[in-house]
Amino acid sequence: MSDAWRIIEEEISKPSLFKSRESLMPEHLPDKLPHRENELRELVSYFKHLVYDPGSVSQRVLIIGGVGTGKTALSKLFGKIFTRMAREKGYSVSYVHVNCHRNRTLYNIIYDIARQLAIPLPPRGLSAKEMFDALLSYLEELDQYVIVALDEFHYFASVSRSEAVYFLARTYEAYEGTKHVNFMFIATDTSKLAFLDPVTEGYLLRHIIKLEPYSSNQLYDILKYRASLSLYDGVYDEDVLKFIAEYEGVDKGGGGNARHALEILLLSGDLAEKEGAKRILIEHVRKALMSLSREIVSVSEVIRYSSLHELFVLLSIVRLLRRSGRKEVKMGEVEDEYKLICETYGEIPRRHTQLYEYIQNLSKAGVILAQPSGRGHRGRTTLITIHYGPLDALENYIVELIKKRRELGF
Ligand SMILES: Nc1ncnc2c1ncn2[C@@H]1O[C@H](COP(=O)(O)OP(=O)(O)O)[C@@H](O)[C@H]1O
Ligand SMILES: [Mg+2]
């Protein structure tokens, strides 16, 4: 029998450590969120009117918390169960979750809300405001109520003009009729919203739910629950989970980030499996920690919704920085590398102004640092750098993401 046959056969018949690898992925929405019970109750208290006296108020709640504190999971879980219960009680309440990284303009946000509600709108020709009015009348006509969660709202607030933010925040201002839309604004911190005028700020900051970073004990419970869904019994033991929980727990100097903790567990499992080990060992966790810096985890979240060409630009920067070993690279160099990458992928390169915008966006989102060259350089240019690493891990992640994006065709 050939060597290749044996190798392939061996690999195929290797038992997996995961019974459901998907349920450790960041997209997976679990059925419960240990240590977020009080916050869930708080959310209910704010939206309860929807099952008693719908239309009486248009509620606004701001959910604040660092990366991986469960903001997205909490709001989605609440939305899923709350709307189901409301329907059982005979109220037509829907929940829509809009990611402002993916939808960066008021127009796209409103369009996405309508799309998720399956509200027929003409595809072109309406302004954002007209579209929103159409949406409101439609809801009114059907007597439907909506909770709109605007996730990564700080990003929208930082890239769009303030009128757009006011527009959303002040929906129904001084309006006496039935109110069909309620908002949940989700952001990492309030400081990024502070530039808003006092009235708008008042609308946004009236009801705040703050999610604190998780302690090691809390992370241990979370890991234990998620491990029980995703890994076979006997594949992991308490010590492995404790080790991760202590590394990440805020009380032990970690970030208190559940996403990071879960990704470490996932990668440890992958590494153990690759080695053909029967169990995840502390050593696998140590290896996983080497390649999953906190920064890479939070950046991977930010770029998950970047467009294909924005990813090409980022890939150019990462490759140039790796290859040159310099601390920063110039805009012109990035542009050349970007064109090469487009060629490899058979895509038509975007224009200079568009690239410049991608770079500014990536910089605002904290993925890269772009600044004007200042003196000492011949001609002015933009200098671009990345302060975290390892870059090979980041490069792999971007390449994977590009592959997925192309398979899905957007
Ligand atoms: N209390 C919790 N129990 C179980 N899983 C959690 C909990 N909090 C967060 N997670 C998981 O951690 C990951 C990050 O949570 P997420 O809601 O995306 O954080 P954020 O939106 O604040 O960055 C997700 O996979 C989520 O399911
Ligand atoms: Mg989130």
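Start at 1 and go down the list; that is how both ligands and their atoms are numbered. All heavy atoms count here, side chains included; hydrogens, waters and symmetry mates do not.
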If the threshold is 4.0 Å, N to carboxylate O, is there a salt bridge linking Asp112 and Arg115?
yes
Salt bridge check: are Glu301 and Arg259 linked by an N-O gap of less than 4.0 Å?
yes
Protein heavy atom at shortest distance from atom 10 (N) of ligand 1
Ala258 CB, 3.9 Å
Answer yes if the ring centres of Tyr345 and Phe312 are under 6.0 angstrom apart, and no otherwise.
yes
Which residue and non-hydrogen atom of the protein lie closest to atom 24 (C) of ligand 1, and at what distance in Å?
Pro26 O, 4.0 Å
Please work out which of the three classes, parallel, tilted or perpendicular, describes the rings of Tyr95 and His97, given edges at 30° and 60°.
tilted
Below the 3.5 angstrom mark, is there an N/O of His35, backbone or side chain, next to an N/O of ligand 1?
no
Take a 6.0 Å sphere around NZ of Lys48 and say whether it holds more than 12 heavy atoms from other residues, nucleotides or ligands.
no
Over 12 foreign heavy atoms within 6.0 Å of NZ, Lys19
yes
Using a 4.0 Å cut-off to any heavy atom of Pro30, which atoms of ligand 1 qualify?
27 (O)
Looking just at side-chain N and O atoms, do Glu335 and His352 make a donor-acceptor pair shorter than 3.5 Å?
yes
Does the side-chain contact (heavy atoms from CB on, under 4.5 Å) test come out yes or no for Leu150 and Met184, once each step is laid out?
CA-CA 6 Å; Leu150 297 173; Met184 223 143 99; over 6 Å; no
Using a plain distance cutoff, I'd like to know if Thr69 has any nitrogen or oxygen under 3.5 Å from a nitrogen or oxygen of ligand 1.
yes
When you measure from the heavy atoms of Arg226 to every atom of ligand 1, does any distance fall below 4.0 Å?
yes
Say whether Thr72, considering both its backbone and side-chain N or O atoms, lies within less than 3.5 Å of an N or O atom on ligand 1.
yes
Protein contact of atom 17 (O) of ligand 1 - nearest heavy atom, named by residue and atom, plus distance
Ala73 N, 2.8 Å
Looking at Tyr225, does the NZ or CZ of Lys32 lie under 6.0 angstrom from its six-membered ring centre and within 45 degrees of the ring axis?
yes
Just to confirm my output: which protein heavy-atom neighbour is closest to atom 18 (O) of ligand 1, and how far is it?
Arg259 NH2, 2.7 Å
Atom 19 (O) of ligand 1 has as its nearest protein heavy atom Gly70 N, 3.2 Å
Ring centroids only, cut at 6.0 angstrom: are Phe183 and Phe185 within range, meaning strictly under it?
yes
Would you mind listing which atoms of ligand 1 come within a distance below 4.0 Å of any non-hydrogen atom of Tyr214?
1 (N), 2 (C), 7 (C), 8 (N), 9 (C)
Of all protein heavy atoms, the one nearest atom 1 (N) of ligand 1 is Pro34 O, 2.7 Å
For Gly66, state whether at least one heavy atom is located under 4.0 Å from any atom of ligand 1.
yes
Select one of side chain, backbone, both or neither to describe which atoms of Ile222 lie under 4.0 Å from any atom of ligand 1, heavy atoms only.
side chain
Counting each atom of ligand 1 from 1 as listed, which ones have a heavy atom of Leu262 under 4.0 Å away?
11 (C), 12 (O), 25 (O)
I need the nearest protein heavy-atom contact for atom 23 (O) of ligand 1: residue, atom name and distance, please.
Gly68 N, 2.8 Å
Could you tell me which atoms of ligand 1, counted from 1 in the order shown, lie closer than 4.0 angstrom to a heavy atom of Val67?
23 (O)
Answer yes if the ring centres of Phe78 and Phe47 are under 6.0 angstrom apart, and no otherwise.
yes
